[in-house]
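In this text the structure is predicted, and so the values were computed from the model without any measurement.
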Amino acid sequence: MFSAVAICRVFGRFFRASRQAGVVGAISTRGYRGSAPQDSGSDLIEMPLPPWEEKTGEPIDVKRRRLLYESRKRGMLENCILLSLFAKQYLNTMTEAQLQQYDRLINEPSNDWDIYYWATEARPTPAVYEGEVMDLLREFTKNRNQEQRLRAPDLEYLDMGNH
């Protein structure tokens with residue numbers, strides 16, 4: 001007679017082999033290809049974004065509130081946290097020219113990763129985005145005080161006048 005251990009080994013091998021064969025077949029015929037070398041990209045849809053336009057005539061308090069919201073609602077969590085904490089620290093003290101620079105920086109690039117790479121100095125910042133605000137953001141990103149930055153701040157600070 002077979003022992004229970006021997007039966008488990010035989011059936012275990014059988015089930016593992018059958019699962020692996022099924023998985024391999026499913027991946028090769030239906031699975032997500034990602035950035036595989038053989039991917040032609042022909043199934044990608046290019047969605048053009050409207051060009052960024054500076055909002056003229058916007059009251060400065062409205063601009064600060066809009067930029068606060070836009071700093072918090074990013075396409076990726078890393079920028080949501082980074083930019084919302086940056087906005088909490090600097091937005092209330094920025095001049096109108098700095099607010100315009102910040103507005104352009106966070107709203108004109110179509111790829112959030114670009115902003116993240118520029119802020120972390122992983123890639124060079126294009127000349128059009130260089131300026132006081134980019135310098136502040138790069139320095140803020142270095143987190144020299146080693147603050148814990150795990151989530152976006154609460155919204156109440158804007159009304160309380162805290163910077």
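With rounding to the nearest 0.5 angstrom, the CD atom of Q98 is 14.0 Å from the CE atom of M134. The CD atom of Q101 lies 7.5 Å from the OG1 atom of T95; values are rounded to the nearest 0.5 Å. Taking CZ of R66 as the start and CG of N107 as the end, the distance is 6.0 Å to the nearest 0.5 Å. To the nearest 0.5 Å, atom CD of residue E54 and atom CG of residue L99 are 10.5 Å apart. If you take CG on L67 and CG on L105, they are separated by 10.5 Å, rounding to the nearest 0.5 Å.
The hydrophobic cluster analysis finds Y69 isolated: no Ile, Leu, Val, Met, Phe, Trp or Tyr side chain comes under 4.5 Å of it, directly or through other members.
Of all non-hydrogen atoms in R72 and C80, the two that sit nearest each other are O-SG, 2.6 Å. Minimum heavy-atom separation, L91 to L68: CD2-N, 3.6 Å. Smallest separation of non-hydrogen atoms from R104 and P109: O-CD, 3.5 Å. Across all their heavy atoms, L137 and T141 have their closest contact at O-OG1, 2.7 Å.
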Trace of the side chain to side chain contact (heavy atoms under 4.5 Å, CB included) decision for T125 with R138: CA-CA 10 Å; T125 306; R138 279 193 294 254; 3.0 Å; yes

Test side chain to side chain contact (heavy atoms under 4.5 Å, CB included) applied to K63 and K55, step by step: CA-CA 9 Å; K63 181 178 282 221; K55 295 187 182 341; 5.6 Å; no

Chi angles and distances behind the side chain to side chain contact (heavy atoms under 4.5 Å, CB included) call for L82, I115: CA-CA 10 Å; L82 178 66; I115 299 168; over 6 Å; no

Verdict with supporting geometry, D103 and E70, side chain to side chain contact (heavy atoms under 4.5 Å, CB included): CA-CA 9 Å; D103 192 0; E70 291 170 350; 4.1 Å; yes

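Here the side chains of D112 and E78 are not in contact, with every heavy-atom distance at 4.5 Å or above. Between K142 and E121 the shortest side-chain heavy-atom distance falls below 4.5 Å. Counting heavy atoms from C-beta on, the side chains of D135 and E139 never come closer than 4.5 Å.
Considering only residues two or more places apart in sequence or on other chains, L85 meets the side-chain contact (heavy atoms from CB on, under 4.5 Å) condition with I81, F140, R149, P153. With sequence neighbours left out, Y129 forms a ring pair (Phe, Tyr, Trp, His ring centres under 6.0 Å) with W118.
Both L77 and F86 belong to a common hydrophobic cluster when Ile, Leu, Val, Met, Phe, Trp and Tyr are linked at side-chain heavy-atom distances under 4.5 angstrom. Residues V128 and Y117 do not share a hydrophobic cluster, defined by chaining ILVMFWY side chains whose heavy atoms lie under 4.5 Å apart.
Within a 6.0 Å radius of CD in E96, no more than 12 heavy atoms belonging to other residues, nucleotides or ligands are found.
Taking the six-membered ring where tryptophan is involved, the planes of Y116 and W113 are perpendicular, since the angle between them exceeds 60° and thus also 30°.
Salt-bridge annotation for D61 and R64: absent, with no side-chain N of the basic residue lying under 4.0 Å from a carboxylate O of the acidic one. The residues R65 and E58 are annotated as not salt-bridged, no charged nitrogen and carboxylate oxygen being separated by less than 4.0 angstrom.
Taking the six-membered ring for Trp and the full ring otherwise, Y102 and Y90 have centroids separated by 6.0 Å or more.
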